[in-house]
Each structure stands twice: as structure tokens, then as C-alpha cells.
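Values below: every heavy atom of this structure, side chains too, minus hydrogens, waters and symmetry copies. Proteins get letters first, then strands, A, B, ... in listed order; numbering begins at 1 in each.
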Amino acid sequence: MEERYDPQKIELKWQRYWAEEGIYKTELNLLKRKFYCLEMFPYPSGEIHMGHVRNYAIGDVIARYKRMRGYNVLHPMGWDAFGLPAENAAIKHGVHPSEWTHKNIENMKIQLNRIGLSYDWEKEVTTCSPEYYKWNQWFFLKMLKKDLAYRKYSYVNWCPSCATVLANEQVIDEKCWRCESIVIQKKLEQWFFRITQYAEELLQSCDELSGWPERVVLMQKNWIGKGEGVEVDFPVEGIDEQLKIFTTRPDTLFGVTFMCIAPEHPLSEKLVEDTHKLEAVKVRYGKEEEKIGLFTGYYAINPLNGDKVPVYIANFVLMEYGTGAIMSVPAHDQRDFEFAEKYDLPVKVVIVPEEVIMNRGHGESGTRGDKDVHSPPFHPFSVSPFLQNGAYEGEGILVDSGQFTTLESDIARERIIRFIEKKGFGKAVVHYKLRDWGVSRQRYWGTPIPVIYCDKCGIVPVPEEDLPVILPMDVRVTGKGGSPLLESETFLNTECPKCGGRARRETDTMDTFVDSSWYFIAYCFGKGNINFKSAISNQQSAISYWMPVDQYIGGVEHAVLHLLYSRFFTRVIRDLGLINVSEPFQNLLTQGMVIKDGAKMSKSKGNVVDPNYLIEKYGADTSRLFSLFAAPPEKDLEWSDKGVEGANRFLNRLWGVVYKNREALSVNRETTEESIHLTPPASRLYRKTHQTIKKVTRDIEREYHFNTAIAGLMELLNEMTSFEPKSDEDWVTFKFSTEKILLLLSPFSPHIAEELWEAIGNKPSIFEQKWPDWDEEAAKEERIELVVQINGKLRSKIMISPGISDDEIKEIALSDQKIKEIVGTKAIKKVIVVRGKLVNIVVGE
RNA sequence: GCCGGAGUGGCGGAAUUGGCAGACGCAAGGGACUUAAAAUCCCUCGUUCCAAAAGAGCGUACCGGUUCGAGUCCGGUCUCCGGCACCA
């Protein structure tokens, strides 16, 4: 053992040892409790950043801890290897995306290993390998068969700069999520996954996600966006058409004064002759704050009261939600109100807040029952002052609503829906904000969609046995125009599997979110062994053993996209009979960002800390320790160079203590649990050690509060350094503490723990040791300090033995010199004793 | 606008179920060692009053409430962060 702590030397040494011994290799063992610990796999950009270090350090602590706890732990790593940056690199540097990607993977793998992460690399997956994306294609074919994959013309988000289609989730503030160009709408034929078929189930089972952060569950719910309401047909006067609208407020149906339809609505072109004017509304669709309308000249009839109301085309009505047409109730909807003001349309009040009705004071009682009976018909203008600040969108009592007048809005809603269904005007329906998932990308570096176009047979799926459809390597990636695949003759031209005639392959590739929607299942098979076909016949398979993921760890930025898609895919795979779980991730930990100078670390801001530099200077153990100590995992972590030094100082001190006492510590002493004849200092250290085992274990178990766990270790070391062993028994205690602190530290800073474990005469590896247990008795304080308060203010402190009764405590507190002085002659009203905490004496003035 | 989350020393952050506010670390100040510096070790460290000590007062964004007792619970206000956003 060397005097100086040299992380470079010991870290490389142990990394080699762990790899050679294969101590992180995991095998399926049906007799052992399993724990699947997973961190979100990285995009192989080539360099790791502090966010990676933090994410993987958190996962590594959990994996190592669970392993020491006796679980069979699956802790894999892989590469989300398809995607745009590889193509950008190809355009910029002329390297093939494949070459670029694989080089980056090599490089990042070295860096990840340098952090000392306990991965089983035999489970590694790489999504750009044919053996992986073959299964993307396989799932696609299965989904095609079940009508879960389909093709449709639709307006898609088009990024002019990336020359590609984006998913709704990839559009942020009308800008491309990658390059921030303004996204435009373009009509293209695209492949979609019917995620909406699972909307209700995905929403319902949100309630089962008890191991997820609440806010993430909420974001999922909001994204799915369930809206319960009713569809009503309004006949259009003069033509044989019904205008179908959707509303969640049927209680306002009697207040309809006009109708609005989306510019893309099929009726729009029929009703409007002047196509120029229609275009003008279309151009301003969905973008502008200002509401723009175009009167069609037609009127619709409200089936409930026969009112004749004008039909407008309006830029704020969305074709994608509901029916693309709305009824407008300006009195009770702010948008309709603004529109009515602008185009001078009537406002009809049909709901009045209860207070307004009460204030009108009819009768002396004013009870609800009376009101229902006596309520005179309201004149709209007499109540309109309450509309001064815009529409009244709240609940209330219905007025001017025919037979439903005087009902409360929630009751009215139910009755009106029933009435509409009975009369055949419409029906109760549910709509979701969630849209089907567009998966087509006009990109090269992705999974080819396994479909062939034949002039005779139309769209023909590639037969299963022909998979994978290999992505050709002999292409030029220029970044201009369409997909490079269009230029690959050998790829493009093929035979129709049905008729054998000449046919053309689909050149679109899949969204990379498809790759990451099931990679956690792929890990179960092991590298090179992905095979869902055998999974069908074998229920005792690796997937049914390992799934679901017990702990998933990653950034909040994936709270909707990746997590929702994964939940969807897992259900699709379940419904194919290949897996028996519905929720892929039992517990989710969303770690915070790494912040420096008040902003997220990013190259563009120039506030990055390079982990490689950090590891070179302080070592992996220090880097890990700091990133775990500076903040709890779910919070943002403010970077501090000085803080890193603090973490380093702690490890140095630990090293120093062990070095100084190395000889005495290596003597093989019996570490007995019985603390016979311990001197007071030894007894204190012994107690502190048990307390620390308890604290660290609980902090890890309870929400993974590593920061306080590490603080506990620092306290224990402080106690150890102030203890000077003199007798043989002292040494037993000291060795006991040393061993425990190393075991407790090992998940956080594995290399130094391993090195010192060996240095005090133990056999490696420390990770084959059991996690220590604490003895509740030994952790108890001999004498407890109690706080004595008078009227809630701290006045004195007393020492008591743990076992004594409340009355005895009371007596001791009252006989305390200071307390006696302060209480004096004042009357004692009450004395409250809180066990182990305090005594509060309530005195009068 | 709607829905979440958070406001604690100079800083990062502690504080099971309401019970000593500020653990642990960083920074700062003082001291020891050293020719000197670094490193290391020891001491101080929320704030006000007092020359100092003893002691006392104030203090967890702000205002009010419940309670013997509130950082923690309730009502209201302000600020910051995140998500969604013409969703009918």
C-alpha cells in the first residue's frame, strides 16, 4: 500500500480486475430474486458529459447496492445509435454515418468503463445493427397485420432545414426540437402507429405508476388528454348536410349563437365559393393569436331549440381534435366571446352563477328548492354585467334553456346528453388529445420500413423470412433533397413478394423513438441473441424473468415521448403474447440537470466541465462521489469545482487513516459483535458505526438520498479520525468501523473501497460481500439529551437515561436549575413530554 | 391562461409522522507546522443588542390562522422554475 492516494493507479487496476473476473456478469437464475436496474441508454455522440456521469453514477450505486443485498441484478448498457447527428457528421466531414457511429461507441465505451460502472457488457445492444433493427421491422410487420400500423395522407410537421418530418412531440413552440427552425405544415403520405387505440389503457394505468414521480404521471395524463363530451349534429340549412360538432359543455347548448369550422374541414370547400378567401384563412391557420373568421353565408339549425345560427370558417378551430367543427357559445367561452366581439355576433347567456341568482333575492327563503320552482325567466341583459370581463366559463344555474332551465350545470349536462341520445341528435363520446404516432422519416440513418410497392399488388409487406431489410452502406449522404435511399438502385429496385414483378422499396426509415421503445426488453436476451420468436414458446424465458425494469433512471426530458412510446410498445408486445407485463418501468427516477453558472451545461453556452479532465485530475471515485453528494438525484445539481475538491479531500482522509493504521488493521482480529469492556471512546465509535449503517441503508432505501448517506459517511470518518486505538479491544472496534465504512462507501466510490478492503487484509472483491446490518440496540444512545422548553421556547437541556418514565422526565425537567429560575412563581398549566425529544412546560403569565 | 414543483446562512444543501432550524460539505476568518508557499491539522462561522462574556431578542419569500409548539398543517399574496396551451 502506498502512502499517497493515487486514483489513476488503483482505478485502472481494479477495472481490469473486475473485467477479468467478470464479477458483473449476470445469469438468469430463477431461484434468485432479480433486480433490473436500467439507465437510459445514450446517443453515441462520441463524448460523455457530466449529465451521463451523474445518470450512470446514480444507477451504478443502486445496482451495486442491490447486488450486495443479494439480488440477481441485471445492469446493462447499450447505444441508441440511429439518428440525425450521424448524418450531419457525414455531411460535414464526409465520413459514413456507420463508421462515425461505431467509432463513437468505441470511444464512449472506454470512457464509461473509466467511470467504473458495473455493467454486464454481454448484454450490450446497438440499435443500428441489423440484428437489432431486424426486430423493429418484425414488430412493424406484426403491427401492420393487426392494423396498428397504417398509412395515411396527413399534414405533417416539416422541418425545412432538416428536410424531414417531425413528430408532434418533436415540435417545440412551433420550432424543430433539434435545429430550432420554424416548422411548416406539409401534406405527405406517412406511416403511423395507432397509439390512440391504447389511449384509454395508457391513461387508466397511469394510476398504477406509483413508483413514478407524480409530475411525470401527470404529464402523461395531460398528454393523452381525455375529453368527455357529446357529439351533436346541426343540420345545415339549404343543403343536405349535417355539421357534426363536439363539446364538453352540453349544458351551454342553448347559448349557441354561431358555428365555426376548421379551414381544412371537408365542408369548408363546399360552403365557400371564393377559394381565395378560404386560402387566406388557411394560411393563418393555427399560428396567429388573432382570430380570423369567414362567414360562409350558410346557417345551421340548433336541434335543441331550433335557433338559426350562422356558420363561420375560423382559423382557431383545429381539424385534428374533436370533429373539426365547434358550436360557439360566446357567453360561456372566452374564445367564442372574442370572436363574437370582433364580428359583432349576439351573446346569449344561459348559465348564471349561483351567487348572482341569490342576490336577486326572490322570496325570503332563497333556498334552492324554492328557486327551482319560482324562478322567473331571466332576461339576458339583466344579468349581463357579470360578462364585463369576458365569458363566464364556470358552473351555475341554467337559464333560457327550455325544459332544462333552473337545473344546475352538472345535472343539466347529464340530462341534455340523455335527451340528445334519445332524440337521435347525437351521442356521448370521448376524445383524446393524443394523436397517432407518425413514424416515417425521410432520412437515411434509421431502420428501413419493411414494405414494398408494386404497381400490380399495391403495398406489400416484406415477408418475415426476408428480414432484416438491410440498410445499404453504399450511399452518399448530402443532406439535400430527399432520402439518399432513393439513389441506391440496388436497394430501391426489388421484386414483388406477391407477383414477382418489378417493385420498389419504401425509402422512408423509422423514427428513432421506435428503437428506444423496446430496447429494455432486448437486453434480457443478451448480446447477439435477440429472438422474440423463441419467446413465444418459452414462458420461463429471460424476458419473463427480468421484466419489468425495477428501477429506471433518466432525464425528465423524456417524461412524455420516450416513456409513453415505451409503455405503448410494451402493450403491443404483450398483445402479441410475448410478454406478460403491461408496464415496462416499475420505478422511475428522473434525475435533475447538471447546472453551471445558472444554466444547463452545454457547448453553445461554453459552461461545460469535461468528465475526462475531471477523472484525470481527481479520479472516477471523486467524480462520482461529488456528483452524488452535491444534491439529491432528482434535483438539479449546481456544479462547483471547489466542491469536487471537498469530495476528494474526504477520500484522501480515508486513505490516510487506513494507511496510518495499515499494520494494526491487517492483523486478523476477531470482530466480535459483543462489545465487552469498551472504553467510552470505543463505545462511542462502535455506536456511531451502527448508527451510520442504519442511516446509509435507510437513505439509500428511502428515495435514494445519496447526499445525506454520504454526509453520514463523512461523519463516521470524522469520528474515526478523532479516535486513537490503544488496546487490543480498541483495535477490534476500529477495524470493525473501518470495514463497515468501506462496505458502505463501496457503491459510491468502488475503486478506493476495493483497494482499502484488500489493504486491511481482506480478499477481493468487496462486492462479493454482504451489505452490513446494524444492531438496533448497539445504535441506541446510552443517555439522551432532552430539550426543555417553556411556552415553546428552548430554555434548557437535560440528560436522561433512555428507559425512564414520563413522570420522571417531568420531575427532572422541573428541578433543572435554569428552569426553576425562569418558572419562578408562575403557575404551571401543563407539561408536555415527547419521548426522546423534548419537554415543554406551559406556564401562565 | 391551465396544470405541476420550489422559495431555508455568503454558497450546495440537512431537518422520519408538527418537537433543538442550519447536519455534511464549500467558501471565509484566525491559529499551528514551514525559511516560505501548497498540502495537512486545530478553532470560529445565521443575525441583532452588549467592549467582551454570560445572556437575551429576531430569523426558513410575505401576510394571517390552527397548535403547548409551525421550515413542516390551513387560508391568502409575491417571486422563480418546469410542462401544456386557440384541445371546443
Side-chain angles (χ1 to χ4, degrees), chain A residues 4 172-173 213-223 225-227 229 245-249 252 260 262 285-291 314-318 320-329 332-336 338-339 393 431-435 556-557 559-560 592-593 595 625-626 629-632 634-647 649-650 652-653 656 695 698-699 702 705 707-718 721 785-797 818 829-843:
Chain A
R4 204 177 64 87
I172 296 152
D173 290 335
E214 239 173 287
R215 63 186 183 125
V216 175
V217 177
L218 217 80
M219 280 160 79
Q220 294 253 323
K221 281 184 181 171
N222 289 341
W223 193 266
K226 186 176 182 175
I245 61 97
F246 171 69
T247 180
T248 53
R249 290 294 301 272
T252 65
C260 288
Y285 169 74
K287 267 182 220 155
E288 298 193 17
E289 276 290 309
E290 202 193 339
K291 287 162 186 53
N315 69 331
F316 69 90
V317 180
L318 303 171
E320 303 91 56
Y321 185 75
T323 60
I326 60 166
M327 63 178 207
S328 290
V329 186
H332 306 295
D333 182 286
Q334 188 56 27
R335 278 162 316 164
D336 296 346
E338 285 166 26
F339 194 88
E393 296 184 324
H431 281 289
Y432 300 90
K433 290 180 192 171
L434 182 71
R435 317 272 161 76
V556 236
E557 64 272 22
V560 260
M593 293 183 299
I595 303 282
L625 195 70
F626 173 72
F629 174 62
E634 71 278 4
K635 280 187 79 168
D636 285 349
L637 182 150
E638 173 75 37
W639 191 259
S640 153
D641 292 333
K642 290 289 183 185
V644 180
E645 281 178 33
R649 212 151 21 218
F650 167 70
N652 262 310
R653 287 211 299 139
K695 178 177 172 52
R698 286 192 160 190
D699 285 350
R702 180 174 60 96
H705 280 178
N707 54 332
T708 51
I710 293 166
L713 293 175
M714 289 172 168
E715 281 185 56
L716 177 57
L717 181 64
N718 289 345
T721 50
E785 192 188 53
L786 278 196
V787 166
V788 185
Q789 297 179 335
I790 292 176
N791 289 345
K793 288 212 163 123
L794 171 64
R795 291 303 177 209
S796 185
K797 288 178 180 182
K818 268 188 190 160
K829 285 186 179 166
K830 206 200 263 184
V831 180
I832 294 147
V833 178
V834 183
R835 305 237 81 190
K837 296 266 161 96
L838 55 72
V839 182
N840 189 16
I841 301 161
V842 187
V843 298

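A:I841 has its CD1 atom 15 Å from the C1' atom of B:C20, to the nearest Å. If you take NZ of A:K635 and C1' of B:U8, they are 10 Å apart, rounded to a whole angstrom. Between A:R698 atom CZ and B:A14 atom P the separation is 18 Å, expressed in whole Å. If you take NZ of A:K837 and C1' of B:A21, they are 14 Å apart, rounded to a whole angstrom. Distance, A:I790 CD1 to B:A56 C1': 14 Å, rounded to whole Å. Summarising the geometry, the separation between NZ on A:K433 and P on B:G83 is reported as 16 Å, rounded to the nearest angstrom. If you take NZ of A:K695 and C1' of B:A15, they are 10 Å apart, rounded to a whole angstrom. The interatomic distance linking A:F339 (CZ) with B:A88 (P) rounds to 18 Å, in whole Å.
As rounded to the nearest Å, B:G71 and B:U77 have P atoms that lie 22 Å from one another. A gap of 42 Å separates the C1' atoms of B:C68 and B:C2, to the nearest Å. Across B:C43 and B:G4, the matching P atoms stand 49 Å from one another, rounded to whole Å. Annotation: B:U72 and B:G65 have their P atoms spaced 14 Å apart (nearest Å). Distance check on atom P: B:U48 versus B:C11 gives 15 Å, rounded to whole Å. Distance check on atom P: B:G25 versus B:G46 gives 15 Å, rounded to whole Å. B:C80 sits 15 Å from B:C62 when the C1' atoms are compared, rounded to a whole Å.
With a 3.5 Å ceiling on both atom-pair distances, B:U60 lacks any Watson-Crick or G-U wobble partner. In this structure, B:A6 and B:U79 make a Watson-Crick or G-U wobble pair, each of the two defining distances being under 3.5 angstrom. Of all nucleotides present, none satisfies the Watson-Crick or G-U wobble test against B:G13 with each distance under 3.5 Å. For B:U40, the paired base is B:A32 (Watson-Crick or G-U wobble, both distances below 3.5 Å). Look at B:G22: it lacks any Watson-Crick or wobble partner with both distances under 3.5 angstrom.
Side-chain proximity of A:L218 to the nucleotides B:C3, B:G13, B:A88 is greatest for B:C3. Relative to the side chain of A:E638, the nucleotides B:G12, B:A88, B:G19 differ in distance, and B:G12 lies closest. When the nucleotides B:G19, B:A14, B:C87 are ranked by their closest atom to the side chain of A:Y321, B:C87 comes out on top. Nearest to the side chain of A:A630, among B:G12, B:C84, B:C68, sits B:G12. For A:K818, the listed nucleotide lying nearest its side chain is B:G55; candidates were B:G19, B:C3, B:G55.
For A:K793, a side-chain nitrogen or oxygen approaches OP1 or OP2 of B:C58 to under 4.0 Å.
By the neighbour-count criterion of 12 heavy atoms within 6.0 Å, atom CD of A:E557 is densely surrounded, having more than that number from other residues, nucleotides or ligands. For A:R215, the CZ atom is loosely surrounded, since the number of other residues' heavy atoms within 6.0 Å does not exceed 12.
Side-chain atoms of A:R335 and base atoms of B:A88 include a donor and an acceptor less than 3.5 Å apart.
Residue contacts for A:D636: at a heavy-atom cut-off of 4.0 Å it reaches the sugar-phosphate backbone alone, with no base atom in range. At the heavy-atom level, A:R215 lies under 4.0 Å from the strands shown only through sugar-phosphate atoms. Among the heavy atoms of the strands lying under 4.0 Å from A:E785 is at least one base atom, whether or not backbone atoms are also near. When heavy atoms are screened at a 4.0 angstrom cut-off, A:K797 is found touching base atoms of the nucleic acid. In this structure, A:L838 reaches the bases: a heavy-atom distance under 4.0 Å links it to at least one base atom across the strands shown. A:R795 comes within 4.0 angstrom of the backbone, heavy atoms only, and of no base. No contact: A:D333 has no heavy atom under 4.0 Å from any strand. Backbone-only engagement by A:V842 is indicated by non-hydrogen atom pairs under 4.0 Å involving sugar-phosphate atoms exclusively.
The glycosidic torsion of B:G9 lies within 90° of 0, which places this base in the syn conformation.
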### Task
Begin from the C-alpha positions of A:V842 and A:N791 and carry the test side-chain contact (heavy atoms from CB on, under 4.5 Å) through to its verdict.
CA-CA 5 Å; A:V842 187; A:N791 289 345; 3.7 Å; yes
### Task
Show your working on ring-ring contact (aromatic ring centres under 6.0 Å, His included) between A:F339 and A:F316 and close with a plain yes or no.
CA-CA 10 Å; A:F339 194 88; A:F316 69 90; 5.8 Å; yes
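Projected onto RNA chain B by closest heavy-atom contact, A:V787 and A:N840 fall at different nucleotides, the more 5' of which corresponds to A:V787.
Rounding to the nearest 0.5 Å gives a distance of 5.0 Å between CD of A:E320 and CZ of A:R435. If you take CD1 on A:I245 and SG on A:C260, they are separated by 11.5 Å, rounding to the nearest 0.5 Å.
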### Message
One character per nucleotide, please: for nucleotides 24-33 of chain B, 5' to 3', B when the base has a protein heavy atom closer than 4.0 Å, S when only the sugar-phosphate does, - otherwise.
### Response
BSSS------
